[in-house]
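Numbered from 1 within each chain, the chains take letters A, B, ... in sequence-line order. What you see below is based on every heavy atom in this structure, not just the backbone, and it leaves out hydrogens, waters and symmetry mates.
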Protein chains: 2
Amino acid sequence: MTTLDETHDPHRRSWVESANAPDTDFPIQNLPIGVFSLDGRSPRCGIAIGDAVLDIGIAHDKGWFTGDAAIAAESAITASLNDLFSLGCSPLRELRRQAASILAHDGPLAKSTRAAREGLLHARDACAMQLPVRVGNYTDFYAGIYHAKAAGALLTPEDPLPKNYKWVPIAYHGRASSVRVGGGTIKHPHGQRPPEDDGRPGFGPSRRLDFELEMGFFIGKGNALGQPIDIAGAGEHIVGFTLLNDWSARDIQRWEMFPLGPFLSKNFSTSISPWIVTADALLPFRTPAMARDAVDPAPLDYLLDADDQRRGGIDVALSVQLQTALMRGKGMPAVEILHSNARHLYWTPAQMVAHHTCGGCDLQPGDLIGTGTISGPEPDQLSSMLELTAAGARPITLPSGERRGFLEDGDEVVFTGKCHRDGFVSIGFGELRGRITA
Amino acid sequence: MTTLDETHDPHRRSWVESANAPDTDFPIQNLPIGVFSLDGRSPRCGIAIGDAVLDIGIAHDKGWFTGDAAIAAESAITASLNDLFSLGCSPLRELRRQAASILAHDGPLAKSTRAAREGLLHARDACAMQLPVRVGNYTDFYAGIYHAKAAGALLTPEDPLPKNYKWVPIAYHGRASSVRVGGGTIKHPHGQRPPEDDGRPGFGPSRRLDFELEMGFFIGKGNALGQPIDIAGAGEHIVGFTLLNDWSARDIQRWEMFPLGPFLSKNFSTSISPWIVTADALLPFRTPAMARDAVDPAPLDYLLDADDQRRGGIDVALSVQLQTALMRGKGMPAVEILHSNARHLYWTPAQMVAHHTCGGCDLQPGDLIGTGTISGPEPDQLSSMLELTAAGARPITLPSGERRGFLEDGDEVVFTGKCHRDGFVSIGFGELRGRITA
């Protein structure tokens, strides 16, 4: 893992005034990357700064990127970030470093970049965000131990955690084609529901539609089939992070998942937040890997690296808000129904990469990896409706007086994520929104 | 499903003499499609005919394809079949029809095509076969009911079949990136093995390396997210079939798969045979869907179509041969260790497509779908080493005197598939080979 540099300097300010607001997700210390379209033109890559988007192509045309950053910018003049990611972390690091310099209040280019503001920056509100990456493969881990315990307790309360849990970073392959950028609607899925009294499964809309609060991360440089990635270098294969909603239909899932795991209950849609926060921007917010209980096993050798143990975790405060159609109609804002933190992951992202490849599986640039649902130890940190309402048995009550065991048509779910650390400027992930439609 | 036409005429012969041999897999009634490279030049698309390969690009350059076939040929002048498949079944159907005309002994173009033989045809042995499709998504079903029973019996002999089995076409998402064309080597995977006496899982080479005999099929036209494909039209979304080896590491699988299904135990490699036999070539060999026992439930409405019930199954005789390094050294040929038939699938390919999309999941051109392991009801029809040797408890003995519970380094596994029906010329799938290396 690399070290802090001037891009993390808390005193640095931008000539884009909105980036200096204390509550912005996108100060000059963040500079996440995404793909936007504007005025019906082809999608292209940009960097979020305050309430604006820096157009990478325009800045590149002006000749403001040099060396590795110019190579990175050149590869980003497309409708997806795959080419950029395939270059690995280093050119992206340099692109962010030089973008910060372009946008800095006192940067060497401040005068000319500020003068070019008109074409260089777009209003973020006016940009239609696109799926930033062609996702070749999508894997979802199960690294949230409090989620695994809470989900397991609903089935086998006396022994909630699978026997393999503390040894194996459990994961399954998700459906790459149905990954979408947030902000749109989620069509209420139909499927087979577990048999009721007549012994026959029902077929129709899921009655237990749910979200799962996760983070996702993207692979930069991949590995060849048969060539595992060592845990010590695994972090350098991760270019950035997003919020991820692993929408789930619990009734369909319960009926279909034995013995080969979830399938239709997950593949109707997976959403990610549009702005990819780079691994570099997250550097100040790395934390030690989750502490093990004394009775817990140490990770096996291929999952154990001193640097990863010391700072392989990530400290991201996560929040889920819900707004029903009735609330929207009455002008009531979305209300927070739970909060959590990415610190509650039993395995670090680097451990997930090392495990994923230890048998020879090849990761490719732009592959998306989900962490699994990140619940925390407290009752208001349970990160799905399944857990939060004990599978619908204890519905939550909303400010509108409505009760929810699971999601209903018209409900909008909003994820946010924010990193705080004393002595550093807070950075955020923006919003990940999704609204259920019939 | 379309009907038989002149391409299925058993009396038709080709001016390519090797295509008229009674035992060829590739008579003029077959004409499977694949991607080959030759003499170090870029991969391109071809059609297998006897011992030769018809170069689609050359035939197209000569102007021998017209109408839809010309559109199909134009889209096949690339290193993958994705563009061709995205056009749907109809242009491919016309391409095969006109290719048959070009290659027919008494076709209208026989004189000029035969004269152009030199550049038009390549020796099949000289062609290096490539992965024919960029596989965007790979799904593996579990539709072999005798496999599900045999595998289940090893765990729960009193109740081998999962309760959902006869209602839900069970499937899981596989890893698209590790799908490879057959003919190469498979690197022996490492991974976590179940704990032994000391309670700790081991880590190292799998001790229970296995194959799984499956068929695969490719999606042509896809569907939009949220728009299910109706069972009645599902067959038209399937362009062709291959043999598929779902290599599996049973010890890794047993330890990792609860509760989310197989992951590293499968994603180190999946192999497909290089020639894709078109759905049209298989028309004479369609059979009724597998008959249900009287006590079995009828398929739910979304899986039920009269035409699919009448001829949605496929009759492909399948065989697995094994050759160890010792056998190879002694000049002993590979020996058949089991045989089966694709008739033993509980769900038809159309039912798999309808189920896959019933919740809204979008299929895309070039998506690969595996059927699951196709065991038959007899002891010599168990289509993996796991089943064949009762998880290693009853090893098989080979002509070399060697015994095998599971696969060992140097072992080569060969799948073949052949379709026979009275009154029709038999067609085959060629070989799917893979050799284990340390």
Which one wins on heavy-atom pair count under 4.5 Å against chain A: [options]?
{"options": "G136(B), G191(B), A249(B), P201(B)", "answer": "P201(B)"}
{"options": "P162(B), A148(B), G360(B)", "answer": "P162(B)"}
{"options": "P205(B), G174(B), G199(B)", "answer": "G174(B)"}
{"options": "G226(B), C361(B), P195(B), G152(B)", "answer": "C361(B)"}
{"options": "V135(B), V168(B), I170(B), D362(B)", "answer": "D362(B)"}
{"options": "Y172(B), Y302(B), W167(B)", "answer": "W167(B)"}

Applying side-chain contact (heavy atoms from CB on, under 4.5 Å) between I219(A) and each of T139(A), D367(A), N137(A), report the one that passes.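 Considering T139(A), D367(A), N137(A), a side-chain contact (heavy atoms from CB on, under 4.5 Å) with I219(A) is found only for D367(A).
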
Non-hydrogen atoms of chain A under 4.5 Å away: do they reach the side chain of [X], the backbone, both or neither?
{"X": "H355(B)", "answer": "both"}
{"X": "F258(B)", "answer": "both"}
{"X": "S269(B)", "answer": "side chain"}

Could you check R208(A) against S206(A) for side-chain hydrogen bond (donor to acceptor under 3.5 Å, both in side chains), going step by step and ending with a plain yes or no? CA-CA 6 Å; R208(A) 296 189 158 207; S206(A) 168; over 6 Å; no

Taking only Lys NZ, Arg NE, NH1 and NH2, and the carboxylate oxygens of Asp or Glu, determine whether K149(B) and E387(B) approach each other closer than 4.0 Å.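 So K149(B) does not pair with E387(B) through a salt bridge.
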
Lys/Arg-Asp/Glu bridge criterion (N-O < 4.0 Å) met for E196(A), R207(A):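 Here E196(A) pairs with R207(A) in a salt bridge, since their nearest N and O are under 4.0 Å apart.
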
Side-chain contact test, heavy atoms from C-beta onward, threshold under 4.5 Å: evaluate it for P189(A) versus L209(A) and give yes or no.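 Yes, side chains in contact.
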
May I ask you to test the V353(B)-F217(B) pair for a side-chain heavy-atom distance under 4.5 Å?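 In contact.
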
Got a sec: does the CZ of R292(B) have more than 12 other heavy atoms crowding it under 6.0 Å?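 Above 12, so yes.
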
Looking at P262(A), A176(A), G359(A), which has the largest count of heavy-atom pairs under 4.5 Å with chain B?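 The residue among P262(A), A176(A), G359(A) with the greatest pair count is G359(A).
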
Most heavy-atom pairs under 4.5 angstrom with chain B, which of I252(A), D301(A), L225(A)?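 Looking at each option in turn, the highest pair count goes to L225(A).
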
Can you say whether [X] sits under 4.5 Å from chain B via the side chain, the backbone, both, or neither, judging by heavy atoms?
{"X": "P259(A)", "value": "both"}
{"X": "L363(A)", "value": "both"}
{"X": "H356(A)", "value": "both"}
{"X": "Q192(A)", "value": "side chain"}
{"X": "R134(A)", "value": "neither"}
{"X": "L260(A)", "value": "both"}

Ring centers of Y142(B), H147(B) separated by less than 6.0 Å: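 Ring-ring flag for Y142(B)/H147(B): true, centres closer than 6.0 Å.
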
Determine whether the side chains of [X] and [Y] contain a donor N or O and an acceptor N or O closer than 3.5 Å.
{"X": "S265(A)", "Y": "E256(A)", "value": "yes"}
{"X": "K187(B)", "Y": "T437(B)", "value": "no"}
{"X": "S177(B)", "Y": "Q364(A)", "value": "no"}

